[in-house]
Amino acid sequence: MSAFHIVLHQPEIPQNTGNIGRTCVAAGAKLHLIEPLGFRINEKALRRAGMDYWHDLDVATYIDYEEFLEKNPKATVYYATTKGRRLYSDVAYEPGCYLMFGKESGGIPEHILKEHPDNCVRIPMLDGARSLNLANSVAILLYEALRQNRFEHMKLEGELHNLSWEEE
């Protein structure tokens, strides 16, 4: 089982999804994609976007949000939104939870957010900033969840070997 799950609701930009996929591989997270997608997931498109690691990614796709809920009935989901009342850093993320992010042009649909107000989280920004890049937002929340869980299953500083500057 993955330590954490990243859910992208109707992502539109393949490069963002590619960066998020790379982050998921590095962090041991599973990626969930809710259609429609703004791009095709096929081998040619993935190679073009430089996503040669895609074969290492644990990824699932769903035709819509309802299918995602059906296939993950016990999921604890946190919804990243600029409308969230809680700061992302004020939530205790438990292993196995799902972090959901909306499409680049509009975020997570309002009706979904209204159903789960207590699980809506936001990343603080200065007034006038509309939003952060989707891939950056995913990295911020995912690594906060990993930090809170002491980076279980990850390589930590005491475990690093063969650093190039140590060989000189």
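Throughout, numbering of the chain's residues begins at 1 and tracks the sequence.
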What is the minimum heavy-atom distance between [X] and [Y], and which atoms define it?
{"X": "Glu70", "Y": "Pro73", "answer": "O-CD, 3.5 Å"}
{"X": "Ile20", "Y": "Ala135", "answer": "CG1-CA, 3.7 Å"}
{"X": "Ala92", "Y": "Gln148", "answer": "CA-OE1, 3.3 Å"}
{"X": "Ala27", "Y": "Tyr143", "answer": "CB-OH, 4.0 Å"}
{"X": "Asn16", "Y": "Glu104", "answer": "ND2-OE2, 3.0 Å"}
{"X": "Met100", "Y": "Ile108", "answer": "O-CD1, 3.6 Å"}

Look only at the side chain of [X] and the backbone of [Y], and say whether a donor-acceptor pair between them is shorter than 3.5 Å.
{"X": "Glu144", "Y": "Tyr88", "value": "no"}
{"X": "Asn119", "Y": "Tyr79", "value": "no"}
{"X": "Asn149", "Y": "Glu152", "value": "no"}
{"X": "Gln10", "Y": "Gly106", "value": "no"}

Under a plain distance cut-off of 3.5 Å, with no hydrogens placed, do His9 and Tyr65 share a side-chain donor-acceptor pair?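 Distance-only check fails for Tyr65 and His9.
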
In the single-linkage hydrophobic clustering (I, L, V, M, F, W, Y; side-chain heavy atoms under 4.5 Å), do [X] and [Y] co-cluster?
{"X": "Leu69", "Y": "Leu33", "answer": "no"}
{"X": "Val25", "Y": "Leu146", "answer": "yes"}
{"X": "Phe101", "Y": "Leu87", "answer": "no"}
{"X": "Leu141", "Y": "Leu113", "answer": "no"}

Any heavy-atom pair between the side chains of [Y] and [X] that's under 4.5 Å?
{"X": "Ile6", "Y": "Leu142", "value": "yes"}
{"X": "Glu35", "Y": "Ile63", "value": "yes"}
{"X": "Trp54", "Y": "Leu31", "value": "yes"}
{"X": "Val77", "Y": "His116", "value": "no"}
{"X": "Pro11", "Y": "Phe39", "value": "yes"}

Determine, using ring centers only, whether Tyr93 and Tyr78 are less than 6.0 Å apart.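 Aromatic pair counts; centres sit under 6.0 Å.
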
Value rounded to 0.5 Å, distance of [atom1] in [X] from [atom2] in [Y]:
{"X": "Tyr98", "Y": "His32", "atom1": "OH", "atom2": "NE2", "answer": "4.5 Å"}
{"X": "Arg122", "Y": "Leu132", "atom1": "CZ", "atom2": "CG", "answer": "12.0 Å"}
{"X": "Ile140", "Y": "Ile123", "atom1": "CD1", "atom2": "CD1", "answer": "4.0 Å"}
{"X": "Ile112", "Y": "Thr81", "atom1": "CD1", "atom2": "OG1", "answer": "11.0 Å"}
{"X": "Ile13", "Y": "Leu37", "atom1": "CD1", "atom2": "CG", "answer": "13.0 Å"}
{"X": "Leu134", "Y": "Asn19", "atom1": "CG", "atom2": "CG", "answer": "9.5 Å"}

If you draw a 6.0 Å radius around CZ in Arg86, do more than 12 non-hydrogen atoms from other residues or ligands fall strictly inside?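 Result for CZ/Arg86: enclosed.
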
Give the C-alpha distance, both sets of side-chain angles, the deciding distance and a yes or no for side-chain contact (heavy atoms from CB on, under 4.5 Å) between Leu8 and Val138. CA-CA 9 Å; Leu8 302 182; Val138 168; 4.2 Å; yes

Provide the full list of salt bridge (Lys or Arg N to Asp or Glu O under 4.0 Å) pairs with a residue in residues 106-121, sequence neighbours left out, each pair given once.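 Every salt bridge (Lys or Arg N to Asp or Glu O under 4.0 Å) pair that includes a residue of residues 106-121, provided the two are not neighbours, is Lys83-Glu110.
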
